[in-house]
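Here's the structure, in structure tokens; my notes come after.
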Amino acid sequence: MAGPFISFLTDFGADTAPATCRGVMWGIAPDARILDLTHSVRAFAVRDGAFLLWSSVPYLPVGVHVAVVDPGVGTSRRPIAIRAGRGDLLVGPDNGLLVPAAERLGGITEARVLTNRTLWRGDVSTTFHGRDIFSPVAAHLANGVELTTVGEAIDGATLVQLAFPEATARDGGLDSSVLFIDAFGNCRLAGEPRELEAAIGRPLTGVRLSMRHAGIVTEVPWCTSFGVVAAGELLAYEDADYGGLAVAVNQGSAAERLRLTLDDLVRIEAA
């Protein structure tokens, strides 16, 4: 029989911190299957981590999802666990990181503060709650410990909220912004293809789009895949991770080409 499933996402990078946390989890739940979603979240970027977790969880088995992007570690921010409607449990800091993923998994049905120190490591630091609180609690939950034992119940409405940017249709176009930039330099934009179609009043297939950023207008074709255009050419497309709008350069970086950074405003119209 396969063991319990734990997914693991952090901004810890390539040093030994993720392995240390896995060691703690396996020490408590030796049969656990631990999937490293990524440990390359941009340092301290809670929204980036929330977006990647939100993008991934629908494709994962029901299980425990521990996520740590925690610039407030050791402060008054709360350590929490959430039960989602699908049955998953999410463990991490109360800084907005977990909420979008929980909503995508059917909504928050229960939330608790991690106050039961018997489920923590015995020697708890003020700077490494990923190892000392979140990993052991996640492992205990994976082992079947009831969520009610981790600590006192709290109203899910009191959790720190995190909302992704939204697009707005206006005057025959779509006002969007850069939501996330991946390792290839592909830029995920706020909004979905259906919103853009509604804004420009025509089907997207084959349409050339006009993208305005910082006063510069660039014409970009809407394409079904990267290889539809030549290497080095720009394209707009539907991102496979979350079904939203995105812009890329085939075998290049759209972020560099268009000088885009997070939250930059982008106006999209039919060319």
Side-chain angles (χ1 to χ4, degrees), residues 6-13 18 35-61 63-73 77 80 82 84-86 88-108 111 130 134 138 156 159-168 174-196 213 226 236-248 253-256 258 260-266 268:
I6 301 173
S7 76
F8 188 27
L9 174 148
T10 76
D11 62 347
F12 292 165
L35 172 65
D36 292 288
L37 287 177
T38 182
H39 301 294
S40 299
V41 176
R42 197 165 49 88
F44 319 119
V46 175
R47 195 182 81 188
D48 283 12
F51 175 78
L52 292 170
L53 187 65
W54 175 88
S55 298
S56 299
V57 288
Y59 306 101
L60 305 181
V64 179
H65 310 294
V66 55
V68 188
V69 182
D70 193 16
V73 62
R77 75 92 186 90
I80 57 169
I82 296 171
R86 195 180 75 164
D88 303 80
L89 299 171
L90 298 94
V91 178
D94 180 20
N95 60 8
L97 178 64
L98 307 178
V99 171
E103 295 293 347
R104 198 169 193 191
L105 292 173
I108 297 169
F134 302 130
L159 298 176
V160 174
Q161 300 296 306
L162 188 152
F164 300 136
E166 296 182 354
T168 302
L174 197 69
D175 291 333
S176 182
S177 61
V178 179
L179 168 60
F180 181 77
I181 300 173
D182 68 18
F184 294 98
N186 303 331
C187 298
R188 272 79 160 201
L189 304 179
E192 300 178 5
R194 61 179 177 80
E195 295 176 275
L196 180 58
H213 162 61
F226 305 104
Y237 64 102
E238 180 178 355
D239 180 77
D241 279 346
Y242 80 114
L245 301 170
V247 60
S253 169
E256 292 181 4
L258 299 175
L260 289 171
T261 59
L262 285 177
D263 296 318
D264 279 357
L265 301 180
V266 178
I268 309 174

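Reckoned from all heavy atoms, side chains included, excluding hydrogens, waters and symmetry mates.
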Can you name the nearest heavy-atom pair linking Ala102 to Ala84, along with the distance? O-CB, 3.8 Å

Between the OG atom in Ser40 and the CG atom in Asp11, the distance rounded to the nearest 0.5 Å is 10.0 Å

Note: Ile80 and Phe134 closest approach over all heavy atoms is N-CE2, 4.4 Å

Reported CZ-to-CD1 distance for the pair Arg42 and Ile181, which is rounded to 0.5 angstrom: 8.0 Å

Least distance between heavy atoms, His39 atom then Thr10 atom: ND1-OG1, 2.7 Å

Closest non-hydrogen atoms of Arg77 and Asp70, given as atom of the first, atom of the second and distance, are NH2-OD2, 2.7 Å

Heavy-atom closest pair, residues Pro165 and Asp263: CG-OD1, 4.2 Å

Side chain to side chain contact (heavy atoms under 4.5 Å, CB included), paired with Leu189, selected from Leu196, Leu179, Ile268, Asp239: Ile268

Is Arg47 close to Leu262 at the side-chain level, that is, under 4.5 Å between some pair of heavy atoms? yes

Do the two ring centres, one from Phe226 and one from Tyr237, sit under 6.0 Å apart? yes

Quick one: does any side-chain atom of Asp264 pair with a main-chain N or O of Val178 as donor and acceptor, under 3.5 Å? no

Looking at Leu35, is its backbone amide N or carbonyl O close enough to the side chain of Ser7 to form a donor-acceptor pair, meaning the two atoms are under 3.5 Å apart? no

With rounding to the nearest 0.5 Å, note down the distance linking CH2 in Trp54 to CD in Glu103. 12.0 Å

Set of side chain to side chain contact (heavy atoms under 4.5 Å, CB included) partners for Val46, sequence neighbours left out: Val69, Pro71, Asn95, Leu97, Leu162

Tell me, please, which residues at least two apart from Ser56 pass side chain to side chain contact (heavy atoms under 4.5 Å, CB included). Leu37

Taking salt bridge (Lys or Arg N to Asp or Glu O under 4.0 Å) as the definition, give me every residue that meets it alongside Arg104, ordered by chain and number, with sequence neighbours left out. none

Begin with the C-alpha distance, continue with both residues' side-chain angles, and end with the deciding distance and a verdict on side-chain contact (heavy atoms from CB on, under 4.5 Å) for Tyr242 and Phe51. CA-CA 9 Å; Tyr242 80 114; Phe51 175 78; 3.8 Å; yes

Nearest 0.5 Å, please: how far is CD1 in Ile82 from NE2 in His65? 11.5 Å

Tell me if a side-chain donor or acceptor on Asp88 pairs with a main-chain N or O of Gly63 at a distance below 3.5 Å. yes

Indicate yes or no for a side-chain donor-acceptor contact from Gln161 to the backbone of Leu159 under 3.5 Å, with no hydrogens or angles considered. yes

Nearest heavy-atom pair of Leu98 and Ala67: which atoms, and what distance? CD2-CB, 3.9 Å

To the nearest 0.5 Å, how far apart are CG in Leu89 and CD1 in Ile6? 10.5 Å

Between CZ of Arg188 and CG of Asp241, what distance do you get to the nearest 0.5 Å? 4.5 Å

Would Leu260 and Val247 satisfy side-chain contact (heavy atoms from CB on, under 4.5 Å), going step by step from the backbone distance to the final call? CA-CA 10 Å; Leu260 289 171; Val247 60; 4.3 Å; yes

